[in-house]
There are 2 protein chains.
Amino acid sequence: MTTRQPPSPSLIDVARAAGVSTATAGRALGGYGQVRAGTRERVLTAAAELGYRTNGLARSMITGSTQTIGVVVTDVANPFFAIALRGITDVVQPAGFEVLLANTAGALVAEQRALTVMSEKRVDGVIVAAAQPAEGAHLEHAIELGVPIVLLDRQVTGAADADSITIDNEHAAAEAVTHLLELGHRRIGVVTEAGEQLPALLAADDRPGGAFPSAMRLRGYLGALGAAGLEVDEHLIGSARYDRDSAYDATTRLLDLDDPPTAVLCTDNVLATGAFRAAQDRGLRMPEQLSLIGFDDEPWTTLVRPELTIVEQPTYELGTRAGQQLLDRITGGRERRTNHVQLRAKLVVRGSTGPV
Amino acid sequence: MTTRQPPSPSLIDVARAAGVSTATAGRALGGYGQVRAGTRERVLTAAAELGYRTNGLARSMITGSTQTIGVVVTDVANPFFAIALRGITDVVQPAGFEVLLANTAGALVAEQRALTVMSEKRVDGVIVAAAQPAEGAHLEHAIELGVPIVLLDRQVTGAADADSITIDNEHAAAEAVTHLLELGHRRIGVVTEAGEQLPALLAADDRPGGAFPSAMRLRGYLGALGAAGLEVDEHLIGSARYDRDSAYDATTRLLDLDDPPTAVLCTDNVLATGAFRAAQDRGLRMPEQLSLIGFDDEPWTTLVRPELTIVEQPTYELGTRAGQQLLDRITGGRERRTNHVQLRAKLVVRGSTGPV
DNA sequence: CTGAAAGCGCTTACAG
DNA sequence: CTGAAAGCGCTTACAG
């Protein structure tokens with residue numbers, strides 16, 4: 001059935017059919033202003049008969065609000081962001097807001113473009129998981145234009161006026177290392193994608209502004225060792241790219257050392273899959289011959305044997321809080337102080353960690 | 001820094017600053033019509049100085065296009081939809097379209113509301129993974145209003161004018177069962193969330209219109225057994241809700257039978273986690289004592305031992321094709337015939353299946 | 001190539 | 001409670 005599509009009826013058509021002015025028709029349909037019950041009835045009936053639907057563009061242009069927020073992430077297919085995104089929609093949709101989503105694949109230009117487009121589409125605010133925590137100029141620019149921003153999962157330097165919601169990654173990693181120390185481990189390795197930032201982390205003693213979670217976790221690892229009075233052995237820091245195979249190789253290199261680690265912390269869930277596999281393929285019994293800790297409570301961590309000890313992030317809550325924070329900012333206006341919330345991760349001890 | 005936000009400059013301001021008409025300013029900024037190079041320069045400079053950004057709402061109201069598509073899914077946190085969504089954005093964003101996302105949590109009313117709102121916001125088209133394959137009236141209504149729709153992952157009865165992209169779930173499940181039959185299995189169980197649809201499936205001999213993938217898979221299971229001349233034993237059909245614990249229980253019930261199955265097909269990835277665990281807890285050696293097949297190539301399926309034989313869906317491609325299909329429809333208009341594409345899943349044989 | 005004018009479809013003071 | 005008019009910020013014929 002391919003009928004030629006009739007032009008969508010406008011408020012004028014409805015008003016004419018109901019015998020009222022467009023102002024009155026608008027009031028009846030939009031639920032604002034005062035309309036006599038009988039008049040409202042006639043307008044509603046006419047609208048229904050004509051198949052009228054409000055033109056949201058026209059309305060938004062006048063009201064100055066689109067009831068839409070932007071969400072910019074590096075990868076929606078990553079379970080972490082997928083779950084956080086669900087948290088955002090669960091909070092924001094019931095409040096009458098829609099979500100405009102952009103995926104940047106980690107490219108700064110894509111993020112910049114997304115912010116420009118969203119700003120042109122007049123979103124009421126944006127939640128962004130930045131591709132480059134060191135690059136915040138475009139974000140600050142958007143804020144100056146009047147677009148409230150909530151940073152998700154990572155702080156950004158140069159975006160001082162953005163709110164943020166993150167996880168205390170440094171503390172989370174430190175807690176995992178402390179657990180291993182308490183079990184008696186002294187040679188503790190780490191599989192990380194923040195390897196090349198090691199020199200900077202070792203040098204700096206001030207807290208960095210914008211940083212990837214991976215860097216903060218590596219920092220936590222270093223800090224916990226330091227607090228225990230242990231020297232950092234750079235051989236124990238296994239650098240990997242963000243994929244399973246690379247983590248596999250990094251883990252293998254650690255296990256090949258003359259003086260290999262007795263325990264390994266993986267600073268991410270994907271890296272943990274590679275590390276687990278490497279240990280498995282090598283036939284190492286866990287936790288007797290190797291203790292292993294991962295990140296995120298993914299389904300597989302309780303399907304493998306032994307079950308994996310992990311650091312559990314409040315991912316869903318990260319999303320709901322981000323959504324709530326942005327709604328508050330949209331309602332509360334720019335006057336409110338910038339708000340930085342940090343959530344705590346939780347160590348979940350299972351079978352993959354044991355005494356040395 | 002909380003400066004009071006200056007009203008965003010409009011085209012009028014730019015035109016005035018550049019000493020041209022708004023028509024000319026619009027042409028220079030919007031990249032349409034003819035403008036002398038020198039004039040364009042002046043306009044662009046003025047715009048940059050004023051910090052001008054096009055008002056997309058006003059533009060869309062005139063051009064009749066928002067360069068935005070809607071995507072409606074039941075659960076973005078589900079890896080299946082998260083990956084498909086990534087496929088959609090990867091195709092649609094480079095083409096200059098943004099994505100308006102709605103999560104329905106499987107509620108029909110939420111889906112209806114989402115379509116109304118998206119239609120009011122004048123999206124150029126919508127991709128929807130329907131909450132209720134039997135309810136298509138609201139979808140057909142949107143199409144009549146001029147909003148092209150592409151159905152994702154499930155057909156819907158009553159939405160005859162919608163395009164669709166799905167996976168041949170019936171064939172996929174049948175192929176898995178055939179694999180087990182070839183290995184000599186005769187008592188083949190299934191863990192499914194479509195259990196209550198069994199009577200309907202056993203009765204109907206015509207292909208159903210709208211149906212959940214789970215129902216189509218159960219249908220494939222029944223068909224493959226029938227083709228092999230085997231009677232369907234309803235005791236071998238383990239009904240579960242869509243969660244791990246329920247699948248665990250359903251699997252346990254199957255294994256508790258006097259004459260238990262020697263092989264089990266799980267019609268979904270979540271159900272497979274529960275089934276795998278049940279087999280594991282019972283101490284069954286796979287594949288010697290039980291052959292198991294799951295759905296979707298999730299990371300865990302190659303981390304467990306034995307590795308899981310699975311049916312791999314082209315999830316990412318499902319998304320890219322859906323995006324492409326919608327763009328074609330938006331460009332091509334309503335005149336084109338409705339287009340139904342079905343993708344094939346692939347059986348990946350691994351260690352969890354073996355001879356009986 | 002450029003401009004004056006109309007118009008997209010609403011909401012908002014302002015009168016009555 | 002209702003209406004006439006203005007206006008949101010653009011693009012599009014239509015003239016020149």
Side-chain angles (χ1 to χ4, degrees), chain A residues 5-44 46-47 50-68 117 119-124 145-146, chain B residues 5-44 46-47 50-68 117 119-124 145-146:
Chain A
Q5 142 190 17
S8 204
S10 76
L11 198 54
I12 299 183
D13 302 312
V14 176
R16 187 154 27 211
V20 298
S21 69
T22 58
T24 297
R27 287 191 267 254
L29 256 12
Y32 53 89
Q34 308 289 325
V35 194
R36 196 163 18 140
T39 313
R40 171 178 296 113
E41 278 314 306
R42 268 188 298 143
V43 173
L44 261 33
L50 293 173
Y52 172 78
R53 49 181 178 147
T54 304
N55 185 318
L57 301 171
R59 170 177 289 171
S60 289
M61 203 155 66
I62 292 177
T63 62
S65 150
T66 52
Q67 296 293 101
T68 302
V117 173
S119 159
E120 291 185 350
K121 288 192 188 302
R122 298 301 195 263
V123 295
D124 297 328
L145 257 34
Chain B
Q5 142 190 17
S8 205
S10 76
L11 197 54
I12 300 183
D13 302 313
V14 176
R16 187 156 25 212
V20 297
S21 70
T22 58
T24 297
R27 286 192 268 255
L29 255 15
Y32 54 89
Q34 308 289 325
V35 194
R36 197 164 16 144
T39 313
R40 170 178 296 112
E41 278 313 308
R42 266 188 299 144
V43 172
L44 262 33
L50 293 173
Y52 173 77
R53 52 181 176 148
T54 303
N55 184 319
L57 299 171
R59 169 177 290 172
S60 290
M61 203 154 67
I62 291 176
T63 62
S65 151
T66 51
Q67 298 293 102
T68 302
V117 173
S119 159
E120 291 184 352
K121 289 191 187 300
R122 297 302 195 262
V123 294
D124 297 328
L145 258 31

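In this text the structure is predicted, and so the values were computed from the model without any measurement. Lettering follows sequence order; numbering is per chain, from 1.
Side-chain contact check for Val117(B) versus Gln67(A): every heavy-atom pair is 4.5 Å or farther apart. Using a 4.5 Å cut-off on side-chain heavy atoms (C-beta onward), Arg53(B) and Arg122(A) make contact.
When distances are taken from the side chain of Leu11(B) to each of dT11(D), dT11(C), dT2(D), the shortest belongs to dT11(D). Residue Gln34(A) has its side chain nearest to dC1(D) when only dT11(C), dC1(D), dG3(C) are considered. Of the candidates dA4(C), dC1(D), dC10(C), the closest approach to any side-chain atom of Asn55(A) belongs to dC10(C). With dA4(C), dT2(C), dT2(D) as the choices, the nucleotide that has an atom nearest any side-chain atom of Ala23(B) turns out to be dA4(C).
In this structure, Thr39(A) reaches the dT2(D) phosphate: one of its side-chain N or O atoms is under 4.0 Å from OP1 or OP2. Using a 4.0 Å cut-off, no side-chain N or O of Ser21(A) falls inside it from OP1 or OP2 of dA4(D). The phosphate of dT12(D) (OP1 or OP2) has no side-chain N or O of Tyr32(B) nearer than 4.0 angstrom. OP1 and OP2 of dT2(D) both lie 4.0 Å or more from every side-chain N or O belonging to Arg27(A).
A straight line from CG of Leu57(B) to C1' of dC8(C) spans 13 Å, rounded to a whole angstrom. The separation between Met61(B) atom CE and dG9(D) atom P is 11 Å, rounded to whole Å. Atom P of nucleotide dC1(C) and atom CD of Glu41(B) are separated by 15 Å, given to the nearest angstrom. In this structure, Arg59(A) places its CZ atom 13 Å from C1' of dT12(C), rounding to the nearest Å. Rounding to whole angstrom units, CG of residue Asp13(B) and C1' of dG9(D) are separated by 10 Å. Rounding to whole angstrom units, CZ of residue Arg42(B) and C1' of dG3(C) are separated by 13 Å. Between the P atom of dG3(C) and the CZ atom of Arg36(B) lies a distance of 10 Å, rounded to the nearest Å. In this structure, the CD atom of Glu120(B) is 13 Å from the C1' atom of dG9(C), given to the nearest Å.
Taking all atoms of both residues into account, the shortest heavy-atom contact from Leu145(A) to Ser119(A) is CD2-OG, 4.3 Å. In this structure, Pro9(B) and Gly51(B) approach most closely via the heavy-atom pair CG-O, 3.9 Å.
Ranked by how close their nearest DNA chain D nucleotide is to the 5' end, Ile62(B) and Gly33(A) are led by Gly33(A). For Thr24(B) and Arg122(B), each mapped to the nucleotide of DNA chain C holding its nearest heavy atom, the one lying further toward the 5' end belongs to Thr24(B).
Across all strands shown, dA13(D) has no partner, as no Watson-Crick or G-U wobble contact with both distances under 3.5 Å is found. Nucleotide dA4(D) forms no Watson-Crick or G-U wobble pair with any nucleotide shown, as no partner meets the under 3.5 Å limit on both distances.
For the pair Lys121(A) (side chain) and Thr66(A) (backbone), a donor-acceptor distance under 3.5 Å is absent.
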Start with the C-alpha gap between Leu57(A) and Met61(A), add the side-chain angles, then the distance that decides, and say whether side chain to side chain contact (heavy atoms under 4.5 Å, CB included) holds. CA-CA 6 Å; Leu57(A) 301 171; Met61(A) 203 155 66; over 6 Å; no
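Within the nucleic acid shown, Ser60(B) has no heavy atom closer than 4.0 Å to any nucleic acid atom.
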